[in-house]
Amino acid sequence: MLFRKRRNQARAAARKAALTGFTVVDRRSPLVEITNSLLRKAFPDHWSFLLGELALYSLLVLVLTGSWLTLFFEPGTKEALYQGSYIPLRGAPMSAAYNSTLHITFDIRGGLLIRQMHHWASLIFVAAICVHMLRIFFTGSFRRPREINWMIGVALFFLAFLEGFCGYSLPDDLLSGTGLRTANTIVMSIPVLGTYLAYFLWDGQFPGQLLNNRLYILHVLFVPGVIIGLVLVHLILVVYLKHTQWSSPGRTNHNVVGQPMFPHFIAKSTGLFLMVFAVLATLGAVAQINPVWNYGPYRADQAPTGVQPDWYVGFLEGALRLMPPWETSAAGHTVMWNVLLPAVVLPGLLAMLLIGYPVFERWVTGDRGEYHLCDRPRDMPNRTAFGVAAIVGYAVLLVAGGNDVTAFSFQLSVNVLTWVFRIGFFVFPVLAFLLTKRLCLALQSHELRLLSEGEETGEVVQNVYGAMEPGHAPVAPARLYRFLARDLPSPAACPDESAPRRQRLWATLNRWYYRRRVTLPASPVQQRRVEEALAQPQRKAP
């Protein structure tokens with residue numbers, strides 16, 4: 001009885017202390033208001049909205065495993081003889097970075113598992129960002145008021161590239177050293193400034209002595225700090241602007257329908273994190289990746305064969321291999337077009353297109369409204385076709401990055417294969433654009449047929465004339481709503497010849513963007529409900 005009384009007294013004191021602390025904090029900060037609004041926030045329950053969660057949880061695994069690796073990794077190019085437990089390299093001269101990588105791999109308990117989990121997490125992190133951005137692009141979720149969040153996502157996309165390259169280069173093995181040699185050539189290809197910039201980054205001639213230490217600082221401090229900061233800003237904007245949602249009865253442009261954060265979304269999101277962690281742990285345990293002990297320490301006079309960079313850099317490798325050996329010498333300077341165009345101009349052009357596309361589409365369509373409902377890709381055939389063409393072009397470059405391995409495996413000519421990829425880089429995206437646009441219009445025509453004839457029930461009936469016909473039923477209300485709830489403005493009128501050239505160009509692009517579409521019939525009641533759902537949200541007066 002005495003112990004039970006003391007235990008109850010201790011619990012009462014703890015509850016009183018917690019209540020007092022909460023009251024003190026609440027009186028001095030908006031804790032309750034923020035917590036209540038956050039816990040009541042509605043999250044859409046569609047699976048596609050979890051793609052961003054995959055990137056977030058991959059980043060969390062990267063931070064956890066990377067923090068563990070920093071406890072044992074020693075950067076630097078100071079040379080020493082290897083005396084570790086990996087016998088084939090014992091006594092070989094190598095840098096401190098490569099030595100510590102082997103030490104983590106073979107002499108630290110669980111070191112190989114953590115290294116491989118870290119590498120797999122980096123690959124999935126970049127892949128999740130790509131797929132998440134594709135979902136946003138194809139559904140039009142980058143439109144007003146989410147343009148800033150789209151640009152933050154593009155910045156995270158390229159920062160993930162930089163972070164991956166820095167981590168890929170840290171072990172100072174023969175593979176990563178070859179990648180740094182390629183990076184040095186790319187930097188030096190920049191006209192006039194390239195040689196000075198390369199000398200500054202490498203602190204002299206390649207391979208230099210300080211770059212490994214600088215990459216380590218970038219990899220563990222500066223780039224992760226910027227990524228985490230941008231992720232926080234991205235999440236804050238998501239909470240403030242609310243999620244987009246797929247159109248269905250009850251969902252409009254001025255509400256959010258979904259499950260509350262607590263307890264539904266937290267339980268679902270926690271389960272997803274545990275699944276991501278389990279998959280990465282399994283991959284790290286059973287799927288070998290980046291076996292640096294097979295490559296050996298970096299030597300400037302050697303280069304490995306039959307190896308490829310990580311997949312997200314593969315398109316640059318392919319672009320370098322496809323570019324003809326063009327050079328121009330003028331005024332004492334040599335411009336290496338075979339490196340400058342594929343490795344500097346192409347990524348810069350990609351960044352400009354990704355950042356500027358929301359502005360371009362807004363100008364072409366002349367649309368200034370706000371949108372919180374997702375577009376179906378088939379309803380915007382030109383945008384969808386652009387996205388698919390970009391994916392096909394990227395795939396061609398990615399496959400071209402392994403043209404030597406493909407040629408060796410299938411007993412083909414490398415030169416013939418290179419010319420196939422060169423032609424395909426310009427032809428395949430155009431074919432993909434035309435085919436995708438035609439497919440989107442065909443899907444719209446199919447919906448028109450469903451509205452006019454109804455859905456097939458699977459039953460076959462005989463009419464009064466003896467003919468056998470498939471049975472049809474009206475389209476289900478929820479599906480009918482998805483067919484009709486689409487915002488497609490009418491194409492602009494053709495301006496007069498006296499109109500300014502800029503206005504005529506805009507009208508031409510606008511008509512091209514909206515001209516090819518299938519109009520779906522709707523009753524006055526259905527049309528009124530669709531207009532109510534697509535109505536612009538009312539903003540509070542300041």
Quick one: [atom1] on [X] to [atom2] on [Y], what's the gap to the nearest 0.5 Å?
X      : Y      : atom1 : atom2 : answer
Tyr168 : His119 : OH    : NE2   : 7.5 Å
Leu170 : Leu211 : CG    : CG    : 9.5 Å
Ser169 : Leu215 : OG    : CG    : 5.5 Å
Trp120 : Ile289 : CH2   : CD1   : 4.5 Å
Arg135 : Cys374 : CZ    : SG    : 5.5 Å

Have [X] and [Y] got a donor and an acceptor in their side chains that come within less than 3.5 Å?
X      : Y      : answer
Asn149 : His234 : yes
Asn212 : Thr77  : no
Asp173 : Ser176 : yes

Does the side-chain contact (heavy atoms from CB on, under 4.5 Å) test come out yes or no for Ile124 and Val276, once each step is laid out?
CA-CA 10 Å; Ile124 295 179; Val276 170; 5.7 Å; no
If only atom types and distance count, is the side chain of Arg115 paired as donor or acceptor with the main-chain N or O of Thr105 below 3.5 Å?
no
Side chain Ser100, main chain Ala97, donor-acceptor under 3.5 Å
yes
Could you tell me if the side chain of [Y] sits less than 4.5 Å from the side chain of [X], heavy atoms only?
X      : Y      : result
Asn290 : Tyr295 : yes
Tyr312 : Cys130 : no
Met117 : Leu283 : no
Phe138 : Val388 : yes
Tyr371 : Asn253 : yes
Lys437 : Asn382 : yes

Determine whether more than 12 heavy atoms belonging to other residues, nucleotides or ligands lie under 6.0 Å from atom [atom1] of [X].
X      : atom1 : result
Tyr199 : OH    : no
Arg144 : CZ    : yes
Trp68  : CH2   : yes
Trp326 : CH2   : no
Phe428 : CZ    : no
Ile148 : CD1   : no

Ring centroid separation [X] to [Y] under 6.0 Å:
X      : Y      : result
Phe277 : Tyr57  : no
Phe161 : Phe165 : no
Tyr98  : Tyr298 : no

Qualifying residue, where the test is side chain to side chain contact (heavy atoms under 4.5 Å, CB included) with Leu320 and the options are Thr182, Asn338, Leu346, Thr185:
Thr182
Would Val187 and Trp202 satisfy side-chain contact (heavy atoms from CB on, under 4.5 Å), going step by step from the backbone distance to the final call?
CA-CA 11 Å; Val187 173; Trp202 275 264; 4.2 Å; yes
Answer yes or no for Arg321 and Phe425: cation-pi contact, defined as NZ/CZ to six-membered ring centre under 6.0 Å and angle to ring axis within 45°.
no
Does the pair Leu50 and Leu54 meet the rule for a side-chain contact (heavy atoms from CB on, under 4.5 Å), with working shown?
CA-CA 7 Å; Leu50 295 177; Leu54 289 177; 5.8 Å; no
In a check of side-chain hydrogen bond (donor to acceptor under 3.5 Å, both in side chains) between His372 and each of Lys242, Arg146, Arg251, Gln245, which one passes?
Arg146
Regarding Glu53 and Lys268, does a basic nitrogen lie under 4.0 Å from an acidic carboxylate oxygen?
no
Testing the basics here: between Ala96 and Pro75, what is the closest heavy-atom pair and its distance to 0.1 Å?
CB-O, 4.3 Å
